[in-house]
**Q** 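For reference, the structure I am asking about is given below.
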Amino acid sequence: MAGGAASGGSANTDTYKEARTWLLLPAWVTLSILVLAPVGMMLVYSFLTKEFRGGVVWEFSFAAYDQFFCDRGLFGDEPCAIEWTYVTIFWRSIWQAAAATLLSLAIGFPTAYFIATRPERMRPVWVFLITIPYWVNLLIRTVSMKFLLRDQGPLNDALIGMGLIDSPLHIVNTNFAVQLGLFYSYLPFMVLPIYAAVERYNFSLSEAAADLYASKFTTLRRILLPAVKPGVIAGCILVFVPSMGSFLAPDLLGGAKNFMIGSLIEEQFKGNAGNWPFGAAASMILLTMVLILLMLFARQQAKAEKAEG
Amino acid sequence: MSDREQIAIDVRDAVKRYGDFTALKRISLSIMDNEFFTLLGPSGCGKTTLLRMIAGFEDVTEGAIFLYGDEIETLPPNKRPVNTVFQNYALFPHMTILDNVGFGLEMRGKSKSEARRKAGEMLELVQLSQFAARKPSQLSGGQQQRVALARALAPQPKVLLLDEPLSALDLKLRKAMQLELKHLQRETGITFIFVTHDQEEALTMSDRIAVMSAGELQQLGAPTDIYERPHNMFVADFIGETNLLEVSVDAIDDGRATCHLGGGHQLTCNAVDGIGVGAKVHMSIRPERLYMSGAPERDGSLHGRVKENIFIGTDITTIVALDEGPDFVVRTSNSDRGNKRIFEPGSEMFVNMELGAARLLVD
Amino acid sequence: MASKQFDIKSYTGFKSITLLCLAVLYAPLLVVTIYSFNASQSLTNWEGLSLRWYADVFTGPESAKFKSAAWNSFVIAIIAATLATTIATLAATAMVRGGKFRLRTVSFGLISLPLMVPEIVTAVATLIFFNAIGFDRGVMTILLAHIAFCIPFAYLPISARMQGIEDSYEQAALDLYATKRQAFTRILLPLMMPGIISGFLLAFIVSLDDFIITNFVKGAGVETLPTAIFGSVKQGIKPNIMAISTMLLGVSVVMVTISYLVGKSDNTK
């Protein structure tokens with residue numbers, strides 16, 4: 001509003017209007033050179049020819065994308081049939097990421113809700129407790145998880161010790177271990193946006209619903225959930241996106257059978273077997289998928305904001 | 001006012017636009033040296049915008065502002081010898097009270113010790129010396145208010161701007177601060193420009209008041225002028241309580257206008273330039289200028305019936321329905337109950353007014 | 001008490017799930033911490049408390065490797081966090097106090113880009129970039145990559161903090177004859193300090209913990225703690241790794257706790 005600027009005390013103002021270009025310049029330069037330019041260069045590399053000991057030959061080629069999507073037989077001279085190897089790996093990544101997201105939602109929603117309904121004074125403490133593990137080195141967390149879940153690890157020892165099972169559960173090197181690892185890696189991303197949404201929720205709406213004879217479950221489903229939906233969607237995106245491109249959890253907890261995009265990409269840049277253009281192409285495909293997802297999400301958030309007025 | 005008096009702030013044809021929205025529509029006014037001047041109006045009327053233009057926080061779209069003859073509207077705030085007391089005080093939370101008060105002096109090139117010494121003196125003036133080493137958050141609202149005042153006065157500005165500085169205080173403290181501010185202005189001899197939406201506050205403190213609405217100046221004058229002789233509907237309605245009634249002008253003679261209300265009631269109003277015979281205009285009459293009697297006392301007595309008495313402490317407000325006419329609000333001071341009569345609801349009576357109490361208004 | 005009052009807010013089971021959630025989050029860390037003090041040579045047999053694996057980290061056969069990795073990690077983290085925080089503070093000032101401008105949305109997108117792009121993609125892109133411009137991989141490449149990657153982590157708490165500071169403070173300073181520069185250094189900067197400290201600490205942790213990008217852009221023979229740990233873990237989890245992990249875990253927890261406490265102290269009230 002026009003008068004808003006005159007009332008004083010608003011936070012987004014223009015005190016440093018004249019200096020803004022200079023103030024932003026370091027960020028622009030750093031990020032353009034170190035993030036934007038590299039992504040552009042990666043796009044270029046995905047259309048180059050591979051050099052056999054890593055790196056590229058500066059010769060334009062579709063080979064990387066062709067290798068990704070086309071099966072041209074043993075000698076590479078047949079017409080393009082669909083190549084399933086890499087699509088399967090992408091598909092598995094999506095599936096694993098989706099499973100991890102659902103797991104995070106199942107645990108994260110009640111947790112976020114519970115925290116948001118604590119007395120106001122205690123909420124930051126709960127949030128803090130949930131976020132601490134996130135700030136512990138991801139590698140260390142994943143290694144710890146592996147250590148805990150190993151066949152001879154403390155979990156199996158404890159379960160056998162309690163007499164619940166006779167022989168160790170094989171958890172490591174399964175899909176479930178990867179999902180657990182991803183859940184563990186990104187859970188705070190699920191909890192925090194849902195928490196923020198529930199905290200803003202006006203509980204007199206629930207009271208009104210209860211007053212109008214809705215059961216608790218109906219109130220949750222019909223009143224609360226629609227109100228906090230943007231938070232839930234944000235949480236799902238924030239878990240799904242990094243899960244899809246993750247490397248450590250599948251690498252350490254999944255083993256060779258449970259190969260995901262991250263490992264596929266990593267492999268292309270390690271040692272002599274690598275294929276840089278192919279790695280770049282796989283990265284481009286992953287990036288495209290993620291950006292499309294984020295764009296859909298941004299659209300949806302904008303719509304939700306508009307609906308709220 | 002004598003001609004020899006100096007003009008402190010001269011606003012000439014000032015316009016402020018935000019995009020398509022015009023916040024100030026060509027305002028001109030002169031604020032005298034050593035004056036307690038108030039900009040009064042409802043929120044959004046442009047009073048704060050005008051104050052912030054004088055302070056230098058808002059650009060002037062068109063027009064000019066002079067400070068003791070020097071044109072200042074293009075100077076940044078830190079080059080203008082005027083200081084502001086902010087609505088929320090804006091005391092620097094990370095500095096002690098003493099450093100807050102000394103800040104302006106230090107910025108003007110005084111040494112740190114000199115700034116502190118002068119700041120100490122200012123704190124004495126507002127009786128807060130014992131809090132010098134504290135942080136703003138450790139002070140009450142009223143104390144913070146006085147620190148803000150001391151901070152703005154410390155660099156000895158030529159003009160002090162006050163942006164609704166009392167609005168965050170409770171009623172009692174506000175009343176006390178009103179007097180204190182008034183005294184401080186007298187003592188320091190600095191021109192004060194005070195912004196408020198509270199008409200009572202404006203009437204209490206000001207030498208002159210500029211009433212503003214919708215970006216325009218409605219009336220400028222001493223508190224009694226504004227209250228007793230409102231110029232238009234807006235001022236009459238905004239300042240104090242009043243009976244605003246539609247009247248038709250029947251005759252004008254020697255500064256008196258004979259008018260009639262709905263229901264055929266006749267009364268005499270003060271004539272105003274620009275309102276002629278036959279005009280249908282509004283009339284304002286303050287409830288405390290009316291009184292009731294059992295029999296008609298003079299020509300202007302209006303017959304009616306009491307609808308309701310409302311006890312509001314110092315006064316009793318009576319709502320009267322005139323025969324086939326509009327309602328009137330009559331206010332009787334509680335202390336006057338010996339002289340003036342209060343009638344039970346339903347009883348018939350006459351409403352009387354002093355000559356000159358009813359004023360015709362231009363829209 | 002006779003009967004529990006009907007509570008519209010509480011759902012049965014949510015509390016248990018929350019506790020389960022905390023258990024899952026903390027159990028692995030707790031287990032590793034406990035086993036890092038195990039006296040046993042083997043991983044799982046508990047033979048009593050001992051600090052032998054901590055001693056092993058500092059004096060054992062791998063100590064030289066860990067020492068240089070730790071040195072690299074901390075130096076890179078301190079420099080990257082300092083530069084990222086400086087860049088982020090300036091950028092936040094422009095974004096929050098620069099009024100409306102056309103490139104504002106674009107700038108915000110650019111700043112948060114490292115958060116949106118999957119880390120492995122950033123890693124690949126950075127590696128390719130250094131390769132294309134012929135920049136030899138080493139500590140310098142890690143540092144540059146970390147500076148860029150840390151900017152959004154520093155930016156978010158700083159800009160959040162700044163949005164909470166009313167502009168009447170700067171205006172009061174300007175009104176009291178301060179220049180814009182003085183208003184920034186004397187008023188805004190001190191008020192932003194909790195956000196800046198939080199931003200710095202988060203950037204520091206992010207740099208210290210980063211594995212994926214570092215793994216791609218480090219040169220042969222250059223290691224940081226995470227890459228050194230990863231290298232060791234590939235040959236199986238050893239007790240000395242648990243000791244190192246526990247120490248790193250301690251560093252992270254301390255940093256985050258400081259950041260939390262600093263963030264909580266609101267100096268504008």
**Q** Can you tell which part of A:Val125 gets under 4.5 Å to a heavy atom of chain C, answering side chain, backbone, both or neither?
**A**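 Looking at A:Val125, backbone and side chain both touch chain C.
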**Q** Any idea which heavy atoms bring A:Ile107 and C:Ile17 closest together, and the distance?
**A**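 The pair with the smallest heavy-atom distance is O-CG2, 3.7 Å.
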**Q** Which pairs with one or both residues in residues 93-130 of chain C pass ring pair (Phe, Tyr, Trp, His ring centres under 6.0 Å), sequence neighbours excluded?
**A** C:Phe130-C:Phe135
**Q** Select one option (side chain, backbone, both, neither) describing which atoms of A:Leu155 are under 4.5 Å from chain C's heavy atoms.
**A**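 For A:Leu155, neither part sits under 4.5 Å from chain C.
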**Q** With a 4.5 Å heavy-atom cut-off, do A:Trp135 and C:Val253 have their side chains touching?
**A** no
**Q** Give the C-alpha distance, both sets of side-chain angles, the deciding distance and a yes or no for side-chain contact (heavy atoms from CB on, under 4.5 Å) between C:Val24 and A:Phe183.
**A** CA-CA 10 Å; C:Val24 173; A:Phe183 158 80; 3.5 Å; yes
**Q** Are any non-hydrogen side-chain atoms of C:Leu103 and A:Trp28 less than 4.5 angstrom apart?
**A** yes
**Q** Could you tell me if the side chain of A:Ser283 sits less than 4.5 Å from the side chain of C:Ile120, heavy atoms only?
**A**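 No - every pair of side-chain heavy atoms lies 4.5 Å or more apart.
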**Q** Please work out whether the ring planes of C:Phe211 and A:Phe247 are parallel, tilted or perpendicular, with thresholds of 30° and 60°.
**A** parallel
**Q** With sequence neighbours excluded, what pairs up with A:Glu207 under the side chain to side chain donor-acceptor pair (under 3.5 Å) test?
**A** none
**Q** Pick one of side chain, backbone, both or neither for A:Leu187, based on which atoms fall under 4.5 Å of a heavy atom in chain C.
**A**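 For A:Leu187, the side chain is the part near chain C, not the backbone.
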**Q** With a 4.5 angstrom heavy-atom cut-off, which part of A:Tyr45 approaches chain C: side chain, backbone, both or neither?
**A**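 For A:Tyr45, the contact with chain C is made by the side chain alone.
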**Q** Quick check for you: among A:Phe109, A:Phe114, A:Trp22, A:Trp58, which has the greatest number of heavy-atom pairs under 4.5 Å with chain C?
**A** A:Phe114
**Q** Go through the atoms of A:Ile130 and report whether side chain, backbone, both or neither lie under 4.5 Å from a heavy atom of chain C.
**A** both
**Q** Grab the two heavy atoms, one from C:Ala125 and one from A:Pro38, that are nearest each other, plus how far apart they are.
**A**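 Looks like O-CB, 3.3 Å.
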**Q** When you look at A:Leu24 and C:Leu90, which way does the side-chain contact (heavy atoms from CB on, under 4.5 Å) test go after all the steps?
**A** CA-CA 6 Å; A:Leu24 274 172; C:Leu90 298 178; over 6 Å; no
**Q** Side chains of C:Leu249 and A:Arg141: closer than 4.5 Å at any heavy-atom pair?
**A** no
**Q** Measure distances from C:Ile111 to the heavy atoms of chain A and classify the residue's part below 4.5 Å as side chain, backbone, both or neither.
**A** both
